[in-house]
Chemist: 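Have a look at the structure that comes next, please.
Hydrogens, waters and symmetry mates play no part in the numbers below; they use all other heavy atoms, side chains included. Proteins get letters first, then strands, A, B, ... in listed order; numbering begins at 1 in each.
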Amino acid sequence: KAGVTQTPRYLIKTRGQQVTLSCSPISGHRSVSWYQQTPGQGLQFLFEYFSETQRNKGNFPGRFSGRQFSNSRSEMNVSTLELGDSALYLCASTGQTNERFFGPGTRLTVL
Amino acid sequence: AQTVTQSQPEMSVQEAETVTLSCTYDTSESNYYLFWYKQPPSRQMILVIRQEAYKQQNATENRFSVNFQKAAKSFSLKISDSQLGDTAMYFCASRDDKIIFGKGTRLHILP
């Protein structure tokens, strides 16, 4: 099976812009979760989707949003970008035994 | 609140030695899962080992084993016969309704 894929892999934006990141889970996986990884804060949970419904949400401002499509692909959107949003954004799909299978991540740099 | 604490930000050991990474967690749930993930430099995060809280037997995967102390809420990872390829960031994680990661331990295996 193909692994989790994320696009784009690298992104450079300026403050105030918005960005959309995409994630395709492993075939057959219906749950997708998103994480922000920074050197200072580590891995922080953003949100989790299952069958197009947000099941859980972390402690991030409303500028961070997401959605899941009927084919389980997911997107996350960050509006009004701030310098502190620079991070590696990881997507993971959930296997049958609850483990997360991670994608390679999208590295977002906000200038 | 669900928390995961890794008290060792960085460790170094010689190749072939045994190393133990510490992790403590807190959860109010009785049914939960614990994981160790490995993130090699500039590479994808992968699952090392998982443990269901209801299982008393410690999980083992080849050179990787855990010491799960449920009453103490401790979940340490032991790497035996360490190899250069074990150099990575290691994250402990717990999942009840959502997955929470510790801040990670950077492990260096020295030749």
Chemist: Taking 4.5 Å as the heavy-atom cut-off, does anything in residues 101-111 of chain B contact chain A, and if so which residues?
Modeler: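 So far as heavy atoms go, B/Phe101, B/Lys103 are the residues that approach chain A to under 4.5 Å.
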Chemist: Do other residues, nucleotides or ligands put more than 12 heavy atoms under 6.0 Å from B/Lys78 NZ?
Modeler: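 No.
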Chemist: Using the rule that two of Ile, Leu, Val, Met, Phe, Trp, Tyr join whenever any of their side-chain heavy atoms come within less than 4.5 Å, decide whether B/Leu47 and B/Ile79 are in one cluster.
Modeler: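 Cluster IDs for B/Leu47 and B/Ile79 differ.
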Chemist: Is B/Ile46 reachable from B/Phe64 through a run of I, L, V, M, F, W or Y residues, each pair having side-chain heavy atoms under 4.5 Å apart?
Modeler: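 In one cluster with B/Phe64: B/Ile46, no.
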Chemist: Rounded to the nearest 0.5 Å, what separates atom CE in B/Met89 from atom CG in A/Leu43?
Modeler: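 Atom-to-atom, B/Met89:CE and A/Leu43:CG are 9.0 Å apart.
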Chemist: Roughly how far apart are A/Leu88 CG and B/Met45 CE, rounded to 0.5 Å?
Modeler: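 Between A/Leu88 CG and B/Met45 CE, I get 8.5 Å after rounding to 0.5 Å.
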Chemist: Under 4.5 Å between side-chain heavy atoms, counting indirect links through other Ile/Leu/Val/Met/Phe/Trp/Tyr residues: same cluster for B/Val4 and B/Phe75 or not?
Modeler: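 Both belong to a single hydrophobic cluster.
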Chemist: Could you look at A/Gln44 and say if it's the side chain, the backbone, both or neither that has a heavy atom under 4.5 Å from chain B?
Modeler: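 Neither part; nothing is under 4.5 Å.
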Chemist: Please say whether more than 12 non-hydrogen atoms of neighbouring residues, nucleotides or ligands are located less than 6.0 Å from CZ in A/Arg15.
Modeler: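 No, not enclosed.
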Chemist: For A/Glu52, which residues count as a side-chain hydrogen bond (donor to acceptor under 3.5 Å, both in side chains) partner, sequence neighbours excluded?
Modeler: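 Counting only residues at least two positions away or on another chain, A/Glu52 forms no side-chain hydrogen bond (donor to acceptor under 3.5 Å, both in side chains).
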Chemist: Answer yes or no: does atom CD of B/Gln14 have more than 12 heavy-atom neighbours from other residues, nucleotides or ligands under 6.0 Å?
Modeler: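 It does: B/Gln14 CD has more than 12 such atoms within range.
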Chemist: What pairs meet the disulfide (SG to SG under 2.5 Å) rule with one or both residues in residues 55-111 of chain B, with sequence neighbours excluded?
Modeler: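 Listed by first then second residue: B/Cys23-B/Cys92.
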Chemist: CD of B/Glu10: more than 12 outside heavy atoms within 6.0 angstrom?
Modeler: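 Yes.
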Chemist: Considering only heavy atoms, which portion of B/Glu52 lies under 4.5 Å from any heavy atom of chain A: side chain, backbone, both, or neither?
Modeler: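 It is neither, since no heavy atom gets under 4.5 Å.
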Chemist: Using only non-hydrogen atoms and a strict under-4.5 angstrom cutoff, which residues of residues 99-111 of chain A touch chain B?
Modeler: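 Residues of residues 99-111 of chain A touching chain B at under 4.5 Å: A/Glu99, A/Arg100, A/Phe102, A/Gly103, A/Pro104.
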Chemist: Determine whether more than 12 heavy atoms belonging to other residues, nucleotides or ligands lie under 6.0 Å from atom CG of A/Asn59.
Modeler: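 Not more than 12 within 6.0 Å, no.
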Chemist: Which distance, rounded to the nearest 0.5 Å, do you find between the CD1 of B/Ile99 and the CZ of A/Phe45?
Modeler: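 Nearest 0.5 Å value for the CD1-CZ distance: 9.5 Å.
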Chemist: Do B/Trp36 and B/Phe91 sit in one hydrophobic cluster, given that two such residues count as connected whenever their side-chain heavy atoms are within less than 4.5 Å of each other, even indirectly?
Modeler: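 Result: no, two separate clusters.
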Chemist: Tell me whether A/Phe64 shares a hydrophobic cluster with A/Val32, the cluster being built from Ile, Leu, Val, Met, Phe, Trp, Tyr side chains joined at under 4.5 Å.
Modeler: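 They do share one cluster, since a chain of ILVMFWY contacts under 4.5 Å joins A/Phe64 to A/Val32.
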